[in-house]
Amino acid sequence: MDDLREKYLKAIADVADEAGLEDLRVQALGKKGEISLQMRELGKMTPEQRQVAGPALNALKNEVNSALAARKAALGDAALNERLRGEWLDVTLPARHRRQGTIHPVSQVTEEVTAIFADMGFAVAEGPQIETDWYNFDALNIPGHHPARAEMDTFYTHRKEGDNRPPHVLRTHTSPVQIRYMEQHGTPCRVIAPGRVYRADYDQTHTPMFHQVEGLAIDKDISMANLKWVLEEFFSAYFGAKVRTRFRASHFPFTEPSAEVDIQCSWEGGTVKVGEGDDWLEVLGSGMVHPHVLRSAGVDPDQWQGFAFGMGIDRIAMLKYGIPDLRAFFDSDLRWLRHYGFSALDVPAVHSGV
Ligand code: 2NL
């Protein structure tokens, strides 16, 4: 019995893994294990012999069992330690960089412009980008022979062979939104219409799709003086209080009289800076809404009058943020944005709405 004890305690101490340990358990204490067989022999003994051998065998069995359990725990700890060494992780390493999205400057400027006009009581309207030629041209007093209506300048859709109705166009300005707004809401009204517009042009200062905001105010006695105040208010809110503006007589089919607005700027080293210097930059067209246009929108020009204006959003975004090439805005690679200081969720506070 001492031999068995020595044999198993040594084997258990030497075993290298849990599978070997299980083999030893079966060898010693399994159904046909060496110690189990010896215990079965107890039945054949005399009571005297059994009184001595029984407790001794039981003690041996308990001792081997405890040794198995202790060794099993030790092997488990060793395996865990081994895993911990292998799967080591440095939680103090800096986090992996994740690229963040940014608000596009055109979207940001659209929000800013909208907020400034909202503060002055203008509603915001949207409308279709594919328009009838009535809403895009005729209603705006743009005659059939006007160059804007030539295929060179405007994107037209196709009609089926034999369908002689005039084709739809990709709107060339957001004025149609304002015609629709007047028809639906009647007078008096104050509204701006920001959105995408399309013209067949592509160079450093023109892209076939760009963004425009138009404004319209109709009431009994709205005048050019109101137009001038609203626009000066807008430019000082958008570019800064010190920017100077200049109104020049101009011509548009949809306004009479008409004026273009320039803002003060400087040209140095090929870059424009707004609000300083002795140069002027054209940024906006405007005027008193032509009576024909009012009538087209169902408004009586003998009762009502008002001003309208239109400007390019991309253009004023370039000027404010010093971006030289309009095409960059619509490039799919926007890494250049960071160069101009646009970072994720870095949005200036907008004016509260009215
Ligand atoms: C420009 C010129 C302008 C308008 C747009 C307008 C709209 C209606 C009636 C009359 Cl519903 N006029 N819009 C008026 C004058 C000029 O835009 O050069 N924009 C960049």
Side-chain angles (χ1 to χ4, degrees), residues 106 109-110 113 117 122-128 131-132 134-143 146-148 153-154 171-199 201 205-207 209-219 222-224 226-228 230-231 234-235 245-263 280-299 301 304-319 326:
V106 171
V109 166
T110 302
V113 168
F117 283 110
F122 285 79
V124 183
E126 290 184 307
E131 267 294 2
T132 61
W134 164 259
Y135 278 112
N136 196 76
F137 293 127
D138 302 89
L140 285 151
N141 197 39
I142 300 172
H146 195 277
D153 295 341
T154 304
R171 69 183 184 196
T172 59
H173 40 203
T174 57
S175 321
V177 179
Q178 294 176 300
I179 301 290
R180 289 172 182 279
Y181 190 89
M182 277 190 275
E183 283 178 341
Q184 275 170 27
H185 294 82
T187 44
C189 71
R190 294 176 197 185
V191 65
I192 61 160
R196 298 185 155 192
V197 299
Y198 302 85
R199 288 183 204 174
D201 251 341
T205 52
H206 299 89
T207 50
M209 186 281 296
F210 59 105
H211 301 79
Q212 209 199 11
V213 59
E214 288 218 359
L216 177 77
I218 306 291
D219 210 324
I222 296 255
S223 70
M224 288 289 272
N226 301 125
L227 169 70
K228 193 160 185 280
V230 165
L231 294 181
F234 167 74
F235 286 119
T245 54
R246 183 172 80 170
F247 284 66
R248 269 185 300 107
S250 184
H251 175 265
F252 302 106
F254 24 86
T255 45
E256 181 60 37
S258 303
E260 280 175 318
V261 182
D262 304 333
I263 53 169
W280 296 94
L281 199 76
E282 182 196 322
V283 287
L284 181 141
S286 65
M288 296 301 289
V289 180
H290 197 290
H292 289 172
V293 176
L294 290 174
R295 206 173 284 115
S296 293
V299 172
W304 304 94
Q305 62 184 31
F307 66 72
F309 60 85
M311 69 182 136
I313 292 177
D314 320 270
R315 190 87 192 289
I316 63 167
M318 290 169 76
L319 291 173
L326 184 62

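Just so you know, ligand 1 is whichever comes first in the structure, and atom 1 is the first atom listed for that ligand.
Aromatic rings of Phe117 and Phe309 (six-membered ring for Trp) have centroids within the 6.0 Å cut-off, being under it.
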Atom pairs and distances, ligand 1 N/O vs protein N/O under 3.5 Å:
from: ligand 1; atom 1: 13 (N); to: Glu214; atom 2: OE1; distance (Å): 2.8
from: ligand 1; atom 1: 19 (N); to: Gly310; atom 2: O; distance (Å): 3.1

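Checked against ring-ring contact (aromatic ring centres under 6.0 Å, His included), Tyr181 has the following partners two or more places apart in sequence or in another chain: His185. For Phe210, there are no ring-ring contact (aromatic ring centres under 6.0 Å, His included) partners two or more places apart in sequence or in a different chain.
For the pair Phe234/Val213, no side-chain contact is recorded, criterion being any heavy-atom separation below 4.5 Å from C-beta on. In this structure, the side chains of Pro253 and Leu140 stay at 4.5 Å or more apart for every pair of heavy atoms.
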Check: residues 280-290 side-chain donor-acceptor pairs under 3.5 Å, at least two apart:
from: Ser286; atom 1: OG; to: Ala259; atom 2: O; distance (Å): 3.0
from: His290; atom 1: ND1; to: His292; atom 2: N; distance (Å): 3.0

